[in-house]
Amino acid sequence: MSLHETAEAIPKAVLVGLQIGRTSEQEVQSSLVELSRLVTTLGFEVIGKMHQRRTSTKSANVLGDGKLVELSKWTGGTGKVAPTFIKKKHKAALKFEKDEDDDIFDLPEETFEESEPEDFVEEENPQDRAQWVIFDCDLSPLQLRNLESATGAKVLDRTGVIIEIFSRHARTRAARLQVEIARLTYVAPRMRGVSSGDDDRMGGGGKGVGESAIELDRRKIRDRIKELKQELGSIGQEHLTRRSRREQEACVALVGYTNAGKSSLMRAMTGSEVYVADKLFATLDTTVRALHPETRPKILLSDTVGFIKKLPHDLVASFKSTLDEALNASLLLFVVDAADPSFRSQLEVTRTTLAEVGAGEIPSLLILNKRDCLTEEQVTDLAAEFPDAIFLSTRNPEDTEDLRNRLVKFFENTMREDEIFIPYKVQGVIGDIRARLKVLGESYDEKGVRLKVRANAEDFEKIAKKIRDALYDID
């Protein structure tokens with residue numbers, strides 16, 4: 001299935017939402033707005049939206065009959081689901097119908113009376129029709145088949161849209177492997193919905209003998225997923241090694257909804273050229289950089305994959321490696337787009353997802369980003385609602401400098417000042433201290449160097465061990 005737009009025409013889509021149970025209409029509309037942004041990220045043009053209250057999403061056609069006809073007006077379909085099985089007529093019946101048709105054409109012309117002209121209805125331009133119907137929920141293979149039959153258009157569900165976006169934006173080897181695993185997991189159970197319906201058998205021909213084409217393809221997919229997971233496991237070991245080295249550093253993880261401004265904040269705080277775009281899931285790969293100008297001790301900032309409502313569980317599992325960056329951080333920065341009216345629900349989604357992976361107890365700060373898009377009245381109201389939040393605009397250097405100072409202060413609060421004596425005969429330790437720790441003062445005598453240092457208890461213990469080991473080797 002190719003969703004990429006062509007140079008000739010931008011694909012048009014209609015979005016469909018379902019109001020299930022106690023879900024409010026406002027929630028449905030908000031979710032459709034988000035789906036619209038997802039679909040636009042794929043390069044589609046959204047030409048219409050509709051929704052219907054239903055008791056569940058389990059019915060074979062998803063929508064009611066009347067709503068299905070209404071939807072089909074956008075696509076030029078019949079609004080009716082074609083039967084999956086058509087009974088073949090006997091040869092004698094087919095011959096009888098043919099003979100009847102021949103008899104009709106043998107009648108004289110005057111037999112046919114000219115009928116009264118019906119009211120002329122201008123036919124809708126096919127170019128104005130939607131070629132795609134996107135549902136804001138998951139669809140089963142049967143539902144996909146029925147909806148495509150009724151609408152005459154291609155049908156995609158929310159999970160399919162998100163996986164397609166991920167597949168386009170994955171750049172690193174690890175991200176591509178993770179997306180491919182999620183895509184194959186999504187495709188496997190839906191293969192019956194896109195098959196021709198033929199039950200071709202391999203190696204037999206009788207019922208129950210051999211293996212059907214679909215079963216064979218599914219087995220190939222399972223084998224491929226196994227291979228990808230093994231390959232991803234080897235990469236995971238490399239990431240684990242790098243992460244274990246970073247555990248010695250102070251780590252801060254940027255977490256939040258997609259398009260909340262995490263990458264822009266990363267660029268402003270570290271000076272790195274991370275990719276920034278006004279798109280959902282513009283970046284999928286975890287980026288780790290040191291604060292710039294560099295601090296003592298060094299503070300690392302990591303930008304993780306963005307969150308979204310109804311994020312498919314397979315993708316949550318696939319991107320465990322990027323979520324591990326949050327799990328292993330010393331501090332989480334929850335970044336939200338304060339100018340987005342739905343940022344509260346987005347913040348809740350982020351917190352819930354992180355709690356599911358065990359990162360719910362990590363110390364955190366709330367960053368109300370895009371302050372430049374707020375009025376003074378909005379800032380005042382939000383400050384009263386979130387008294388501990390940090391208002392920030394990545395375009396304002398003073399804001400980013402203030403956040404930098406807060407991060408330094410956070411880590412310094414866990415530090416203590418102490419004096420370290422390094423004998424002259426111990427080599428390499430002084431350089432390590434200057435590179436990693438904050439040196440407040442130094443003095444010299446005939447035996448060695450005394451450094452006044454501010455650091456964590458762990459850092460003091462590591463330096464003391466290095467000095468002991470060096471003296472032991474010398475002796």
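Between the side chain of Asn369 and the main chain of Ala260, a donor-acceptor pair closer than 3.5 Å is present. The backbone N or O of Val62 lies less than 3.5 Å from a partner atom in the side chain of Arg54, making a donor-acceptor pair. In this structure, the side chain of Ser149 engages the main chain of Ala82 through a donor-acceptor pair within 3.5 Å. In this structure, the side chain of Thr151 engages the main chain of Leu147 through a donor-acceptor pair within 3.5 Å. Put simply, the side chain of Lys49 never gets that close to the backbone of Val33: no donor and acceptor are under 3.5 Å apart. Counting only distance, with no hydrogens or angles, the side chain of Asp157 and the backbone of Leu139 share a donor-acceptor pair below 3.5 Å. At distances below 3.5 Å, at least one donor-acceptor pair connects side-chain atoms of Gln131 with backbone N or O atoms of Arg129.
Taking all atoms of both residues into account, the shortest heavy-atom contact from Pro11 to Gly43 is CD-O, 3.9 Å. Across all non-hydrogen atoms, the minimal contact from Asp372 to Ser393 is OD1-OG, 3.1 Å. In terms of heavy atoms, Gln178 sits closest to Leu232 at CG-CD2, 3.7 Å. Contact between Ile165 and Leu38 at its shortest, heavy atoms only, is CD1-O, 3.4 Å. In this structure, Gly79 and Leu68 approach most closely via the heavy-atom pair O-CD2, 3.8 Å. Residues Thr23 and Arg53 come closest through the heavy atom pair O-NH2, 4.3 Å.
Residue pairs meeting the salt bridge (charged side-chain N to carboxylate O under 4.0 Å, His left out) criterion with at least one member in residues 58-70, sequence neighbours excluded: Lys67-Glu70.
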For Val16 and Val133, what are the C-alpha separation, side-chain angles and deciding distance, and is it a side-chain contact (heavy atoms from CB on, under 4.5 Å)?
-> CA-CA 7 Å; Val16 183; Val133 177; 3.9 Å; yes

Should Arg454 and Val439 be marked as a side-chain contact (heavy atoms from CB on, under 4.5 Å) after you check the CA-CA gap, both sets of side-chain angles, and the distance that decides it?
-> CA-CA 7 Å; Arg454 184 175 182 83; Val439 178; over 6 Å; no

Given the rule in the side-chain contact (heavy atoms from CB on, under 4.5 Å) test, do Leu366 and Val336 qualify, once you have shown the distances and angles that lead to the verdict?
-> CA-CA 8 Å; Leu366 176 60; Val336 300; 4.2 Å; yes

Walk me through it: do Phe391 and Val379 pass the test side-chain contact (heavy atoms from CB on, under 4.5 Å)?
-> CA-CA 8 Å; Phe391 287 86; Val379 171; 4.1 Å; yes

For Glu461 and Lys466, what are the C-alpha separation, side-chain angles and deciding distance, and is it a salt bridge (charged side-chain N to carboxylate O under 4.0 Å, His left out)?
-> CA-CA 9 Å; Glu461 179 56 36; Lys466 281 189 177 183; over 6 Å; no

Evaluate salt bridge (charged side-chain N to carboxylate O under 4.0 Å, His left out) for Arg158 paired with Asp138, printing each intermediate quantity in order.
-> CA-CA 6 Å; Arg158 185 185 179 96; Asp138 286 337; over 6 Å; no

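Every residue meeting the ring pair (Phe, Tyr, Trp, His ring centres under 6.0 Å) condition with Phe343, not counting sequence neighbours, appears here in chain and number order: Phe386. Scored by the salt bridge (charged side-chain N to carboxylate O under 4.0 Å, His left out) test, Lys438 finds Glu412 as partners (sequence neighbours excluded). In this structure Thr352 satisfies the side chain to side chain donor-acceptor pair (under 3.5 Å) test together with Glu348, sequence neighbours excluded. Shown here are the salt bridge (charged side-chain N to carboxylate O under 4.0 Å, His left out) partners of Asp337, two or more places apart in sequence or in another chain: Lys370. By the salt bridge (charged side-chain N to carboxylate O under 4.0 Å, His left out) test, Asp381 is found to be paired with no residue, residues two or more places apart in sequence or in another chain being considered.
Between Ile20 and Thr55 there is no side-chain heavy-atom pair separated by less than 4.5 Å. When side chains are defined from C-beta on, Arg289 counts as touching Met266, because their heavy atoms get closer than 4.5 Å. Residues Asp303 and Leu265 form no side-chain contact, since every pair of their non-hydrogen atoms from C-beta on lies 4.5 Å or further apart. Between Ile299 and Val252, the closest side-chain pair of non-hydrogen atoms falls below 4.5 Å. Using a 4.5 Å heavy-atom cutoff, the side chains of Val28 and Leu18 are not in contact. By the 4.5 Å heavy-atom criterion applied to side chains, Ile10 and Lys12 are not counted as neighbours. Within the 4.5 Å cutoff, the side chain of Lys452 has no heavy atoms near those of the Glu442 side chain. Residues Thr159 and Tyr186 form a side-chain contact, since some pair of their non-hydrogen atoms from C-beta on lies under 4.5 Å apart.
Between Arg168 and Glu164, at least one side-chain nitrogen of the basic residue sits less than 4.0 Å from a carboxylate oxygen of the acidic one, meeting the salt-bridge criterion. In this structure, Glu34 does not pair ionically with Arg37, as no charged nitrogen and carboxylate oxygen lie closer than 4.0 Å. A salt bridge does not link Arg224 to Glu180: none of the charged side-chain nitrogens sits closer than 4.0 Å to a carboxylate oxygen. Looking at Arg22 and Glu27, no side-chain N of the basic residue comes within less than 4.0 Å of a carboxylate O on the acidic one, giving no salt bridge. Look at Arg371 and Glu376 and you find no salt bridge, because none of the NZ, NE, NH1 or NH2 atoms lies under 4.0 Å from a carboxylate O.
Under a cutoff of 6.0 Å and an axis angle of 45°, Arg416 and Phe460 form a cation-pi pair.
Annotation: the span from Ile467 atom CD1 to Ile420 atom CD1 amounts to 6.0 Å, rounded to 0.5 Å. Between Ile181 atom CD1 and Leu228 atom CG the span is 5.0 Å, to the nearest 0.5 Å. The structure places CG of Leu327 at 9.0 Å from CG of Leu354, a figure rounded to the nearest 0.5 Å. The structure places CZ of Phe411 at 7.5 Å from SG of Cys251, a figure rounded to the nearest 0.5 Å. To the nearest 0.5 Å, atom CG of residue Asp136 and atom CG of residue Leu32 are 5.5 Å apart. Atom CE of Met415 is separated from atom NZ of Lys409 by 14.0 Å, given to the nearest 0.5 angstrom.
Counting only N and O atoms by type, the side chains of Ser342 and Gln346 include a donor and acceptor under 3.5 Å apart.
Of the residues Gln52, Gln143, His51, the one that meets the side-chain contact (heavy atoms from CB on, under 4.5 Å) test with Leu63 is Gln52.
The number of heavy atoms from other shown groups lying within 6.0 Å of CD (Glu398) does not exceed 12.
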